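Computed from a prediction, not measured in an experiment: that's the story for all the values here. Residue numbers begin at 1 in each chain, while the letters A, B, ... track the order of the sequences.
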Amino acid sequence: MMAQANGHAQTQGHEHGHDGHHDQEELRQFGFWIFLITDVILFGTLFATFIVLRGNTAGGPGPELFELGGIIASTFILLTSSFTSGLAVLAMNRGNKQGLIGWLIVTALLGLSFIYLEVTEFTKLVHEGANMGTSAFWSAFYTLVGTHGLHVSVGLVWMTALIIQLARRGITPVTKRKVNIVSLYWHFLDVVWIFVFTIVYLMGVM
Amino acid sequence: MAQGTQNTHGSHGHGHGEGGHHSEGAHAHGSLKQYAIGFVLSIILTIIPLMVVLNDLLEGAAAIAVLLIAAVLQFAVQLLFFMHLREEQKPRYNLMTLIFGLVILVTIVGGSMWIMAYNGVVN
């Protein structure tokens with residue numbers, strides 16, 4: 001199954017180098033997991049900053065500018081995309097290349113609509129007089145939410161590149177590992193968003 | 001890697017001819033059912049805090065408690081049903097690094113809140 005996708009070059013040494021390769025791919029995935037844990041700490045510091053500064057609006061606008069409608073939509077969009085990235089992994093495990101690429105495209109499109117909604121929201125906030133320099137509250141807000149949005153954008157570029165690679169090379173041990181990693185990253189971004197949604201928006205409008 | 005472990009085992013399963021590995025891999029693959037359960041639970045855990053906030057069902061500390069519990073539960077759901085943390089094989093390095101990261105996270109967030117709660121300049 002792997003050999004077929006891999007081409008003839010590797011068929012020969014296949015049985016032999018099998019376990020070594022296998023361990024290495026697992027190790028790479030573990031390395032990515034460690035990166036995610038450090039990202040947890042990065043977001044932790046941004047959350048800590050936001051929580052500490054949440055009352056410091058310097059007499060200017062505060063969380064009353066939040067409009068939950070768009071935020072609720074983004075939340076369900078991102079949640080659904082986390083699910084569809086899981087469906088992509090399931091399709092991959094069945095060896096279904098078309099399904100895999102299809103679900104990745106759905107995931108990327110959902111991610112794109114999430115970013116679109118976020119950019120719209122930020123533009124609107126700036127027009128209403130809440131830019132990054134308005135107060136400590138808004139600096140902390142844009143840094144935290146913007147860092148998450150940046151992560152999603154990076155994920156989109158990465159997913160697009162991976163879709164192209166999958167279309168060219170098919171499901172190989174290497175692309176398999178990459179799909180696993182990108183879907184892990186995507187689930188992670190959804191988890192971070194749950195806390196952004198709860199702590200920044202829901203508690204903000206309470 | 002929680003995912004990776006199983007996937008690699010799954011795809012190599014019959015090549016190895018090890019029954020044990022294979023069944024473990026097949027189980028750990030994460031089924032459609034598992035993802036669907038995780039998805040539904042996540043939606044429920046998003047709707048509960050939304051209802052609390054939009055309808056002003058609770059106030060103050062009680063509302064914050066419900067919101068945080070729902071968020072933490074949803075985090076757990078994603079870890080177990082989407083990221084397959086439960087199916088990791090021993091030694092559970094993924095779980096260990098996660099716990100280490102969470103300890104630092106709680107220290108940073110809790111410590112900052114604690115220190116700044118007594119800061120007269122900021123408040």
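In this structure, chain B has no heavy atom under 4.5 Å from any part of A/Tyr201. When heavy atoms are compared at a cutoff of 4.5 Å, A/Thr75 approaches chain B solely by way of its side chain, counted from C-beta outward. B/Ile104 touches chain A through its side chain: at least one heavy atom from C-beta onward sits under 4.5 Å away, while N, CA, C and O do not. For chain B, the nearby parts of A/Leu202 are the backbone and the side chain; heavy atoms of each come within less than 4.5 Å. Interface residue B/Leu54: only side-chain heavy atoms are found under 4.5 Å from chain A. For A/Leu79, the parts lying under 4.5 angstrom from a heavy atom of chain B are both the backbone and the side chain. For a residue to count as touching a neighbouring chain, one of its non-hydrogen atoms must lie under 4.5 Å from one of that chain's; by this rule A/Phe76 touches chain B with the side chain only. Heavy atoms closer than 4.5 Å to chain A are found in both the backbone and the side chain of B/Ile43.
Put simply, the side chain of B/Met116 does not reach to within 4.5 Å of the side chain of A/Ile51, judged on heavy atoms. A 4.5 Å side-chain heavy-atom check between A/Phe197 and B/Thr46 finds at least one atom pair inside the cut-off. Considering only heavy atoms from C-beta on, B/Leu98 comes within 4.5 Å of A/Trp33 through its side chain.
Annotation for B/Glu59: atom CD does not count as buried by contact number, only 12 or fewer foreign heavy atoms lying within 6.0 Å. B/Phe100 CZ: 12 or fewer foreign heavy atoms inside a 6.0 Å radius.
The aromatic rings of B/Phe75 and A/Phe195 lie perpendicular to each other, with more than 60° between the two planes, well past the 30° mark.
Closest approach of A/Thr198 to B/Ala71, counting heavy atoms only: OG1-CB, 3.7 Å. Minimum interatomic distance between A/Ser82 and B/Phe82 (heavy atoms only, all atoms of both residues): OG-CD1, 3.5 Å. Between B/Gly60 and A/Met206 the shortest heavy-atom distance is O-CE, 4.3 Å. When all heavy atoms of B/Gln78 and A/His187 are compared, the pair lying nearest together is OE1-O, 3.8 Å.
Ranked by heavy-atom pairs under 4.5 Å with chain A, the first of B/Leu105, B/Leu102, B/Val52 is B/Leu105. Among A/Thr80, A/Thr49, A/Leu36, A/Ile199, the residue making the largest number of heavy-atom pairs under 4.5 Å with chain B is A/Thr80. Comparing B/Leu68, B/Leu50, B/Leu32 by how many heavy-atom pairs each has under 4.5 Å with chain A, the most go to B/Leu50. In terms of heavy-atom pairs under 4.5 angstrom with chain B, the leader among A/Ile34, A/Thr38, A/Leu87, A/Asp190 is A/Asp190. Residue with the most contacts toward chain A among B/Val109, B/Thr97, B/Val53: B/Thr97 (heavy-atom pairs, distance under 4.5 Å).
Between A/Leu53 atom CG and B/Ser112 atom OG the span is 10.0 Å, to the nearest 0.5 Å. For the atom pair NZ of B/Lys33 and CG of A/Leu90, the computed distance is 13.5 Å after rounding to the nearest 0.5 Å.
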